[in-house]
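For the numbers below, each heavy atom of this structure counts, side chains included, while hydrogens, waters and symmetry mates do not.
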Amino acid sequence: MGDFLPLFLGVAAIPFIYYLIVIYSALRYFAQPEATADPEFTPPLSILKPFRGVDPEPYENLASFCRLDYPDYEIVLCIDPDDTVIQTVITKVIADFPRTNIRVFHGSGRIAVNDKCAKLARLVSEATHEVLVISDSDVRVRPDYLRHVVTPLRNPKVGAVTCLYVPIGVHTPTDHLQSVGMMSDFYAGVLIDWQLEGMKFALGPTIATTRTRLNAFGGYPELENSPADDLLVGRFIEEQGYEVVLIRYAIDTVCDYATIRDLLFKRLRWIVVMRNMRPWGHLGLLLTMGLPWSIAAAVIHPAYLPIYLALRIAMTWVIGIHGLRQRVLWKELPLIPVWDAVAFAIWLTSFTRNSIRWRGTDYYIREGTLVPVLAGNKNHAG
């Protein structure tokens, strides 16, 4: 037993090493100069936006793309044919911004599990320009957005550009929990990947690339039955030998978690996808979870819990407050242990799931592809 305790305490300290690496990675990332725009590099481009349903404040989100300080761009939208609500919003935006070139397509014309990818497949084919900026419907941007995200593409070695995003409209307890989880957990993983191996993925709210780079791996038709399409776009472009750049520039996304159940189901879906697509990475998450290890180790050495709290607060401060300038995040710091407890419970739950529920349908993940779960074989899940 005496030989086991030092070993256990050593393993319990591994999350602290992870936290220190995250802090270093974040400090290094935010020590970079902020993204700059090249006034001489403004290629004409197409902004592609797939819609499914209505996000909070849809008019304000779409209208922000009509106020961009950029000489030549179009906005190309794809919506469901029967979605009269978003059509009404788009009609008002078109009327209010008659000088902005906005084109709307109804339906993807494809049958696919991943409706977003099916819509993007059509949008890429319909886009007028070679340079493409793919953006989610819940994104809101500043006038300098295009100039910043496009500038790195002037380097022929760069295949895609992506950026961080911060939540706005944070009002409900669920919004606050999601916000602290994003700053203290999700971005920790993004920045440590950036530090250790470079960006091998992209973040969905913004991907700037070209039609040529997409077509080289088959484009969105290759992804329309896959989960995690934003991750795969970055991966496939990087595998072509091009760089995926995470610029130091942040955009806004509007919070859209109506209930804690919505947040938990989305997080569980993400972690089950990770277990199927990156099983060793999923298993390794246990060594990044300081809360359960610190609680267990505190029985032997009480200092573990205050060290855990100090490092988690430091991580969140460096990423959210120092780096992304989310000053109100101070109020959410007490939620860090709550988020960590929830994240650990979801990780444990993921081992009991062989399928995910997405848009009301159950799917297995087989070799990176979503396969519908048939009623007759649910009991044979492997």
[X] vs [Y] side-chain heavy atoms within contact, under 4.5 Å:
X      : Y      : value
Ser179 : Leu329 : yes
Thr288 : Val22  : no
Thr316 : Ile321 : no
Phe97  : Arg67  : yes
Arg275 : Asn354 : yes
Ile346 : Trp270 : no
Trp339 : Glu332 : no
Asp72  : Thr42  : no

Would one find more than 12 heavy atoms of other residues, nucleotides or ligands at under 6.0 Å from atom [atom1] of [X]?
X      : atom1 : value
Arg278 : CZ    : no
His322 : NE2   : yes
Arg353 : CZ    : no
Arg261 : CZ    : no
Ile111 : CD1   : no

Problem - CA sep, side-chain torsions, deciding dist, call: Asn276, Tyr364, side chain to side chain contact (heavy atoms under 4.5 Å, CB included) - result: CA-CA 9 Å; Asn276 281 269; Tyr364 294 124; over 6 Å; no
Would you say [X] and [Y] are hydrophobically clustered, going by side-chain heavy atoms of ILVMFWY under 4.5 Å?
X      : Y      : result
Met183 : Tyr24  : no
Ile14  : Val299 : no
Val104 : Val124 : yes
Phe51  : Val254 : no
Tyr187 : Trp317 : yes

Exercise for the section: Please confirm whether Arg122 makes a cation-pi placement over Phe105, using NZ or CZ under 6.0 Å from the six-membered ring centre and within 45° of the ring normal. Expected result: no
Handout entry: Lys/Arg cation over aromatic Tyr363: Arg269, 6.0 Å, 45° cone
Key = no
Practice task
On the 0 to 90° scale, with breaks at 30° and 60°, tag the Trp194-Tyr29 ring pair as parallel, tilted or perpendicular.
Solution key: perpendicular
Practice task
Indicate the ring-plane relationship of Phe217 and Phe236, choosing parallel, tilted or perpendicular according to the 30° and 60° boundaries.
Solution key: tilted
Taking all non-hydrogen atoms of both residues into account, name the closest pair between [X] and [Y] and its distance.
X      : Y      : result
Ala208 : Val149 : CB-O, 3.7 Å
Leu291 : Tyr19  : N-OH, 4.4 Å
Pro227 : Leu232 : O-CD1, 3.5 Å
His148 : Pro152 : O-CD, 3.3 Å
Val113 : Asn225 : N-OD1, 3.1 Å
Ile23  : Ala314 : CD1-CB, 3.8 Å

Would a distance-only check, ignoring hydrogens and angles, find a side-chain to backbone donor-acceptor pair under 3.5 Å from [X] to [Y]?
X      : Y      : value
Tyr70  : Pro43  : yes
Glu74  : Arg103 : no
Arg312 : Ile336 : no
Ser108 : Arg110 : yes
Asp80  : Asp83  : no
Asp175 : Thr172 : yes
Ser350 : Trp347 : yes
Glu238 : Met199 : no
Arg147 : Ala37  : no
Ser46  : His129 : yes

Exercise for the section: State which residue, out of Asp136, Asp115, Asp82, fulfils the salt bridge (Lys or Arg N to Asp or Glu O under 4.0 Å) condition with Arg52. Expected result: Asp115
Could you measure the distance from the [atom1] atom of [X] to the [atom2] atom of [Y]? Nearest 0.5 Å is fine.
X      : Y      : atom1 : atom2 : result
Leu9   : Trp293 : CG    : CH2   : 10.5 Å
Thr212 : Ile237 : OG1   : CD1   : 11.0 Å
Tyr308 : Ile295 : OH    : CD1   : 7.5 Å
Arg99  : Cys66  : CZ    : SG    : 13.0 Å
Ile90  : Ile102 : CD1   : CD1   : 8.5 Å

Hey, do the aromatic rings of [X] and [Y] have their centres closer than 6.0 Å?
X      : Y      : value
Phe65  : Tyr73  : no
Phe16  : Tyr304 : yes
His282 : Phe351 : yes

Between [X] and [Y], is any side-chain donor less than 3.5 angstrom from a side-chain acceptor?
X      : Y      : value
Lys49  : Ser135 : yes
Gln87  : Thr91  : yes
Asn114 : Asp229 : yes

Handout entry: Test side-chain hydrogen bond (donor to acceptor under 3.5 Å, both in side chains) applied to Asp38 - qualifying residues, sequence neighbours left out
Key = Arg154
Exercise for the section: Using the test side-chain hydrogen bond (donor to acceptor under 3.5 Å, both in side chains), find all partners of Gln195 that sit at least two apart in sequence or belong to another chain. Expected result: Arg28
Please table the atom pairs, donor to acceptor, closer than 3.5 Å between any side-chain atom in residues 159-167 and protein atoms at least two apart or in another chain.
unit_1: Thr162; atom_1: OG1; unit_2: Leu203; atom_2: N; d: 3.0
unit_1: Thr162; atom_1: OG1; unit_2: Leu203; atom_2: O; d: 3.2
unit_1: Thr162; atom_1: OG1; unit_2: Thr206; atom_2: O; d: 2.8

Practice task
Step by step, work out the side chain to side chain contact (heavy atoms under 4.5 Å, CB included) result for Leu77 and Leu62.
Solution key: CA-CA 10 Å; Leu77 315 175; Leu62 184 54; 4.1 Å; yes
Exercise for the section: For side chain to side chain contact (heavy atoms under 4.5 Å, CB included), just list the numbers for Tyr145 and Ile251, CA-CA rounded to whole Å, side-chain angles, deciding distance to a tenth of an Å, and then say yes or no. Expected result: CA-CA 8 Å; Tyr145 165 72; Ile251 57 176; 3.7 Å; yes
Practice task
In sequence, state the C-alpha distance, the side-chain angles, and the governing distance for Met289 and Asp340, and then conclude on side chain to side chain contact (heavy atoms under 4.5 Å, CB included).
Solution key: CA-CA 7 Å; Met289 297 179 177; Asp340 285 353; over 6 Å; no
